[in-house]
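In listed order, ligands and their atoms are each counted from 1. Because the structure is a prediction, the values reported are computed rather than measured.
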Amino acid sequence: MSERHYNFFDKCILFFEQAQRTVKQDVLACRISPAKEQKEAVLTAQERKLSANLLRVDHAGEVCAQALYLGHALAAKNKKIKNHFISAAQEETDHLVWCALRLKELNDHRSYLNPVWYTGSFAMGFLSGLGGEKWNLGFVAETEMQVEAHLKAHLKLLPEKDEKTKAILLQMKEDEMAHAQRAIEAGGEDLPVFIKKTMKVFSKIMTTLAFYV
Ligand SMILES: [Fe+2]
Ligand SMILES: [Fe+2]
């Protein structure tokens, strides 16, 4: 991906291929899920449902992350920055796989609206990337910080004894902070307040709907 220039049609093909793989969960993790180290707790039906609903939101967030990073990478002109997005996307793939596996263990489904989240996030990533590297990286840093805050809130809401889900969210939180830090160090600008607020509105719509659907 970093070795060649992509024309419009290449970008369309890449978008559809990646979208299909992400939504169908046809991807592999590089790291073993942190949940593997933890013992399965006996959860009540209500606790299991709460864990699954929260995790479905987090999984949908990872679908968005895949699309955002692909959009950023395709818009980036600088090879180093492009590679930065591609390597961060790999860690996001780990998150995507861990969440999907845990959702399966909890006998629940992924968000039915994942194709919508993917398309919207790709468009946001690509459009923000057209503004130049510093805004592209700034957008990533802000997204990662909002996701980290979100994971923090979910960790408080999770059933106390669900150590498996907790281990996944803790590792994701740590990775998202590292992604934000790397984007800032690479030259990401602090975004204007109205853009941050718009991102929060999009995030609110996604998190509310993905909790149920
Ligand atoms: Fe992530
Ligand atoms: Fe991230």
Side-chain angles (χ1 to χ4, degrees), residues 18-19 21-23 25-36 51 54-76 81-103 110-111 113-114 117-118 120-122 124-126 128-129 133 135-155 157-158 164-191 196 199-200 202-204 206-207 210-211:
Q18 264 317 109
R21 261 191 235 129
T22 304
V23 171
Q25 202 63 38
D26 182 17
V27 286
L28 293 171
C30 283
R31 292 174 292 168
I32 294 169
S33 170
K36 200 149 188 174
S51 282
L54 292 169
L55 200 58
R56 182 164 44 255
V57 172
D58 300 323
H59 179 268
E62 295 303 325
V63 168
C64 294
Q66 291 291 315
L68 272 174
Y69 275 112
L70 180 66
H72 288 310
L74 289 177
I81 304 280
K82 201 182 270 281
N83 286 336
H84 168 100
F85 292 133
I86 294 167
S87 84
Q90 181 53 55
E91 285 194 1
E92 303 295 358
T93 305
D94 290 351
H95 299 170
L96 187 77
V97 173
W98 299 344
C99 288
L101 282 174
R102 184 64 187 145
L103 263 174
R110 308 192 295 267
S111 174
L113 297 172
N114 279 341
W117 311 137
Y118 192 96
S121 302
F122 177 85
M124 282 206 297
F126 188 73
S128 75
E133 314 301 352
W135 296 117
N136 209 354
L137 288 160
F139 192 90
V140 168
E142 177 60 25
T143 306
E144 298 286 6
M145 284 189 278
Q146 288 190 16
V147 173
E148 195 261 348
H150 192 77
L151 289 169
K152 217 166 160 182
H154 277 195
L155 279 160
L157 293 170
L158 270 182
K164 276 188 174 278
T165 307
K166 207 182 289 174
I168 294 172
L169 299 198
L170 277 171
Q171 185 59 55
M172 280 166 56
K173 192 166 93 61
E174 200 177 298
D175 291 344
E176 311 307 11
M177 277 323 284
H179 296 160
Q181 197 51 41
R182 287 212 298 264
I184 292 167
E185 283 164 10
E189 280 281 329
D190 193 23
L191 298 181
K196 290 185 188 179
M199 289 164 74
K200 279 186 181 155
F202 178 80
S203 162
K204 186 73 190 160
M206 186 279 275
T207 54
F211 189 85

Check: Looking only at atom types and distance, does a side-chain atom of W135 sit under 3.5 Å from a main-chain N or O of G188, one as donor and one as acceptor?
Finding: no
Item checked: salt bridge (Lys or Arg N to Asp or Glu O under 4.0 Å) partners of residues 56-76, not counting sequence neighbours, each pair once -> R56-D108
Checklist line | W98 and H95 aromatic ring geometry - parallel, tilted or perpendicular at 30°/60° bounds | finding: tilted
Next item on the list: Could you list the residues that satisfy ring-ring contact (aromatic ring centres under 6.0 Å, His included) with H179, not counting sequence neighbours?
Entry: none
Notebook entry, point to check: Who passes ring-ring contact (aromatic ring centres under 6.0 Å, His included) against W117, sequence neighbours left out?
Noted result: none
Next item on the list: Calculate, to the nearest 0.5 Å, the distance between atoms OG1 and NE2 belonging to T143 and H72 respectively.
Entry: 5.5 Å
Notebook entry, point to check: Within less than 2.8 Å of the Fe ion (ligand 2), how many protein N/O/S atoms are there?
Noted result: 5
